[in-house]
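To start, the structure itself, in structure tokens.
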Amino acid sequence: MTKAPKILYDCDTGIDDAMTLLYLASLVRAGKAELAAVGTVHGNIDPMTGALNTLRVLEAAGVPAGEPGPGGPVVPVAVGAARPMAQDVHYALDWHGTDGLGDTHLPEPAGRPVAEPAAAQIVRLARAMPGELTLLATGPLTNLGSALLLDGELPSLIREVVVMGGAFDHPGNITTHAEANIWHDPEAADLVFAADWPIVLVPLDATHPTAVHDDWLDRLAAHDTPVARFAANILEFYADAYTPTLRRRGAVIHDALAAMLVVDPDLGEYVQRPVRVELRGELTRGTTVWDARSLPAEDTRRPVKVAVGSDVARFQERLLSALLTF
């Protein structure tokens with residue numbers, strides 16, 4: 001992109017969302033992106049805790065957030081859906097801690113969430129800035145699905161949707177086949193993939209190979225600034241959770257790859273496929289499905305641009321550099 005993207009970020013602010021907020025804040029400070037607003041959703045943690053975490057992270061990064069005030073631009077943070085459309089709510093406390101930030105139990109943020117629900121905020125901002133917004137979603141897609149139900153014209157108003165979610169040729173991370181963000185609300189995810197808007201989907205196939213390990217974590221921990229210390233502290237919890245899966249110390253910062261592909265799509269490798277979500281399977285509910293045959297069946301759905309890989313070294317260095325700019 002030649003022009004700095006205007007990003008509306010929808011997230012469930014746990015540890016990798018927090019790292020992504022720091023990355024986005026570094027872009028905002030450098031004039032390489034605009035953060036139009038943030039909305040939170042159930043997922044890693046409940047959406048109110050996620051909103052307070054979002055405010056904590058943005059404030060730590062020097063980006064004013066919360067309710068608008070007289071002191072200049074402020075990133076509004078809206079609380080979104082507290083549960084999925086058609087199943088019980090589940091949280092990922094084992095991976096993100098009881099507070100969503102690695103049990104760091106930080107003080108209350110200075111700012112407060114806005115009163116407007118996150119889905120309504122999506123619709124209002126899309127109407128106010130038609131064709132300008134990139135909708136970046138790194139949590140369950142309940143807010144996006146709800147926004148589609150609120151405004152049938154929404155797909156024509158959004159520039160692009162970038163979603164971290166799904167798994168195709170990679171095992172699931174919450175069931176054998178399903179990735180967490182999609183599994184937490186399969187109905188909403190299928191609404192999003194069925195809508196006629198340009199989607200980039202960043203599944204586990206692309207994110208899992210970007211795992212950072214001891215050397216990267218040590219370089220972050222060696223940088224003695226408040227933001228670097230905060231990032232290193234929450235990643236300690238995340239790495240403890242991830243080490244059995246990775247079989248060595250490390251963590252996968254899934255959401256940051258999706259954010260990086262917003263500003264540098266050439267960092268990724270892609271295929272184009274219509275995507276559907278399995279809604280009824282006893283063992284496969286929440287699985288993302290594409291037709292990967294050499295002669296795929298005709299499909300009425302708009303193809304999704306699915307990331308199947310990335311330049312891992314560039315991703316890791318760029319993320320680390322962003323965290324060390326504060």
Transitive ILVMFWY cluster of M164 at side-chain heavy atoms under 4.5 Å: who else is in it?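 L204, listed by chain and number.
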What residues form a side-chain contact (heavy atoms from CB on, under 4.5 Å) with [X], not counting sequence neighbours?
{"X": "L149", "result": "M85, L191"}
{"X": "D266", "result": "D264"}
{"X": "E269", "result": "V308"}
{"X": "A36", "result": "M129, L133"}

Apply ring pair (Phe, Tyr, Trp, His ring centres under 6.0 Å) to H170 and list each qualifying residue two or more places apart in sequence or on a separate chain.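 Partners of H170 under the ring pair (Phe, Tyr, Trp, His ring centres under 6.0 Å) test: H208.
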Ring pair (Phe, Tyr, Trp, His ring centres under 6.0 Å) with W216: which residues, sequence neighbours excluded?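 None.
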Got a salt bridge between R301 and D190, using NZ or NE/NH1/NH2 to carboxylate O under 4.0 Å?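 Result for this pair is yes, salt bridge flagged.
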Are E132 and K3 ion-paired here, with the side-chain N under 4.0 Å from a carboxylate O?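 Result for this pair is no, no salt bridge flagged.
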Taking only residues at least two apart or on different chains, which pairs with a member in [range] satisfy side chain to side chain donor-acceptor pair (under 3.5 Å)?
{"range": "residues 20-43", "result": "H42-T142"}
{"range": "residues 270-280", "result": "R276-D299"}
{"range": "residues 112-128", "result": "E108-R112, E116-R124, R127-D151, R127-E153"}

Is the shortest side-chain heavy-atom distance between [X] and [Y] below 4.5 Å?
{"X": "F193", "Y": "I182", "value": "yes"}
{"X": "W290", "Y": "V271", "value": "yes"}
{"X": "L148", "Y": "P155", "value": "yes"}
{"X": "R229", "Y": "D224", "value": "yes"}

Please check if L101 and L55 belong to a single hydrophobic cluster, counting links between Ile, Leu, Val, Met, Phe, Trp and Tyr side chain heavy atoms closer than 4.5 Å.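 As far as the 4.5 Å side-chain criterion goes, L55 and L101 are connected within one cluster.
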Test side-chain hydrogen bond (donor to acceptor under 3.5 Å, both in side chains) applied to N143 and S146, step by step: CA-CA 5 Å; N143 292 336; S146 299; 5.6 Å; no
Would you check, one step at a time, whether the test side chain to side chain contact (heavy atoms under 4.5 Å, CB included) holds for L35 with L58? CA-CA 11 Å; L35 190 56; L58 290 176; 4.1 Å; yes
Is a donor from one side chain sitting under 3.5 angstrom from an acceptor on the other, for D17 and T138?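 Looking only at side-chain atoms, T138 and D17 do form a donor-acceptor pair, the distance falling under 3.5 Å.
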Side chains of T287 and H177 only: does a donor on one sit below 3.5 Å from an acceptor on the other?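 Distance-only check fails for T287 and H177.
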As a quick check of understanding, evaluate side chain to side chain contact (heavy atoms under 4.5 Å, CB included) for V212 and I253, giving each step before the final call. CA-CA 8 Å; V212 297; I253 308 173; 4.1 Å; yes
Please output the side-chain donor-acceptor pairs of residues 88-96 that fall under 3.5 Å, not counting sequence neighbours, one pair per line with the distance.
| unit_1 | atom_1 | unit_2 | atom_2 | d |
| --- | --- | --- | --- | --- |
| H96 | ND1 | I15 | N | 2.8 |
| H96 | NE2 | N44 | OD1 | 3.1 |

Check: D169 main-chain N/O paired with D205 side-chain donor or acceptor under 3.5 Å: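 Yes, D205 side chain to D169 backbone: donor-acceptor pair under 3.5 Å.
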Consider side chain to side chain donor-acceptor pair (under 3.5 Å). Of E187, R285, H184, which one does Q87 pass it with?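 Single side chain to side chain donor-acceptor pair (under 3.5 Å) partner of Q87 among E187, R285, H184: R285.
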Please round to the nearest 0.5 Å and tell me the distance separating atom SG of C11 and atom CG of N53.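 These two atoms lie 9.5 Å from each other.
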Do any side-chain atoms of residues 319-326 form donor-acceptor pairs under 3.5 angstrom with protein atoms, and if so which ones, sequence neighbours left out?
| unit_1 | atom_1 | unit_2 | atom_2 | d |
| --- | --- | --- | --- | --- |
| S321 | OG | E317 | O | 2.9 |
| T325 | OG1 | A322 | O | 2.7 |

